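See below for the structure under consideration.
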Amino acid sequence: MKQNILKHLAIIMDGNGRWAEQQGLKRTKGHEAGAEVVREITTYCANHPTIESVTHYAFSTENWKRPKLEVEFLMKLLDRYLKKELATYQEENIRFVAIGDLSQFSPKLQKTIAVTMRETRDNTRLDQVLALNYGGRDEIVRAANRVLERGGKITEESLGAALDTPYRDIDLLIRTSGEQRLSNYLLWQLSYSELAFTPTLWPDFTPEELEGLIGDFEQRNRRFGGI
Ligand code: IPE
Ligand code: IPE
Ligand code: MG
């Protein structure tokens with residue numbers, strides 16, 4: 001019998017660069033391959049009976065430290081990806097949501113993000129959330145300032161409600177590539193999440209592997225401090 005139902009899934013898709021380097025390719029080829037996997041995993045999640053949202057870490061507040069060319073490539077890839085995916089989002093009834101500080105992106109990319117969010121906002125089957133220029137600390141600081149600007153008091157409820165993400169709690173976090181750290185991801189929302197780490201590099205990650213990890217999750221004993 002299942003102990004848990006998976007509603008909110010978060011993924012740190014890591015290992016694109018190493019995947020490419022292992023094959024003597026440029027890191028950018030790894031990001032291209034990784035984008036295809038985002039598409040497959042999103043479709044899997046949309047067809048899953050209990051998943052309501054999947055939140056992918058696509059670009060962190062720390063990723064600006066990378067070489068300028070890689071950052072520029074990632075921005076272009078994102079723009080292309082969203083323009084191409086819009087049709088799929090509509091067909092599959094997927095709502096696209098971006099979280100993070102979007103103000104640092106070019107006006108062109110900001111527009112693509114805003115259009116994709118607007119066009120898909122009434123879709124109901126799955127929330128496909130992309131964390132873009134996202135940092136967990138940055139999100140909490142921005143949320144706190146929103147509460148204070150409205151003259152409110154900081155409580156778990158008011159701060160939680162002012163976060164970028166429309167839901168508080170992630171049920172399962174998966175990180176690929178063997179690294180076992182959070183890298184400033186969803187610090188608030190991961191407070192009680194189950195964690196799963198796999199050595200698979202993101203471009204090699206498959207819906208079958210995801211299914212196995214979800215099966216493990218469903219058998220875990222989540223106590224939330226109780227007994
Ligand atoms: C994750 O893959 C994708 C992004 C951070 C955009 P990496 O680019 O971090 O790949 P590795 O960790 O260098 O292999
Ligand atoms: C985390 O991966 C960010 C994304 C997947 C977008 P990184 O590769 O940037 O994280 P570190 O440097 O290993 O912590
Ligand atoms: Mg990495």
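Being a predicted model, the structure only gives us computed values, none of them experimental. Note that ligands are numbered from 1 as they come in the structure, with each ligand's atoms numbered from 1 the same way.
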Could a heavy atom of Glu179 be found less than 4.0 Å from some atom of ligand 2? no
Taking the six-membered ring for Trp, are Trp202 and Phe205 parallel (under 30°), tilted (30 to 60°) or perpendicular (over 60°)? parallel
Can a donor-acceptor pair be found, under 3.5 Å and without considering hydrogens, that links the side chain of Tyr89 to the backbone of Phe96? no
Any atom of ligand 1 sitting under 4.0 Å from a heavy atom of Ala58? yes
Report the part of Glu21 (side chain from C-beta onward, or backbone N, CA, C, O) that has a heavy atom under 4.0 Å from ligand 1; answer both or neither where that applies. neither
Consider only side-chain N and O atoms of Asp169 and Ser191, and report whether a donor and an acceptor are under 3.5 Å apart. no
Testing His8, Lys7, Arg222 for side-chain hydrogen bond (donor to acceptor under 3.5 Å, both in side chains) with Asp171, which one passes? Arg222
Heavy-atom nearest neighbour in the protein, as seen from atom 10 (O) of ligand 1, with distance rounded to 0.1 Å: Gly17 N, 2.9 Å
Could you find the nearest protein heavy atom to atom 3 (C) of ligand 1 and give me its residue, atom name and distance? Asn16 ND2, 3.6 Å
Ionic contact status for Glu21 with Arg18, cut-off 4.0 Å: no
Check each atom of ligand 2 against the heavy atoms of Phe59 and keep those under 4.0 Å away; list them by number with element. 6 (C)
Could you name the option among Lys65, Glu62, Arg175 that has the heavy atom nearest to atom 2 (O) of ligand 2? Arg175
In ligand 2, which numbered atoms sit nearer than 4.0 Å to a non-hydrogen atom of Arg181? 11 (P), 13 (O), 14 (O)
Straight-line distance of Asp122 CG to Asn93 CG, nearest 0.5 Å: 9.5 Å
Please work out, at 4.0 Å between heavy atoms, whether the side chain, the backbone, both, or neither of Leu201 comes within that distance of ligand 1. neither
Which N, O or S atom name in Asp14 marks its closest approach to the Mg ion (ligand 3)? OD1
Just verifying a value: how many Å separate Tyr185 OH and Ile170 CD1, rounded to the nearest 0.5 Å? 7.0 Å
One thing to verify: whether Arg39 and Glu36 come together as a salt bridge, which I'm taking to mean a side-chain N less than 4.0 angstrom from a carboxylate O. yes
Lys/Arg N to Asp/Glu carboxylate O, Asp164 vs Arg146, below 4.0 Å: yes
Less than 4.0 Å between atom 12 (O) of ligand 2 and some protein heavy atom, yes or no? no
CD of Glu218 to CD of Glu194: how many Å apart, nearest 0.5 Å? 12.0 Å
Mind checking whether Trp19 has an N or O less than 3.5 Å away from an N or O of ligand 1? no
Ligand 1 to Arg18 polar contact by distance, N or O atoms, under 3.5 Å: yes
Heavy atom of the protein closest to atom 8 (O) of ligand 2 (residue, atom name, distance): Asp14 OD1, 3.2 Å
So is Ser177 close enough to ligand 1, meaning a heavy atom under 4.0 angstrom away? no
Donor-acceptor side-chain pairing of Gln128 and Glu92 below 3.5 angstrom: no
Can you tell me which residue and heavy atom of the protein come closest to atom 9 (O) of ligand 2, and the distance to 0.1 Å? Asn63 ND2, 2.9 Å
Can you pull out the closest protein heavy atom to atom 1 (C) of ligand 1? Residue, atom name and distance to 0.1 Å, please. Met13 O, 3.1 Å
Determine the minimum heavy-atom distance between Val147 and Ser158, stating which atoms define it. CG2-O, 3.5 Å
State the atoms of ligand 2, each with its element, that fall below the 4.0 Å cut-off from a heavy-atom position in Ser183. 10 (O), 11 (P), 14 (O)
Quick one: nearest non-hydrogen protein atom to atom 5 (C) of ligand 1, plus distance? Arg66 NH2, 3.3 Å
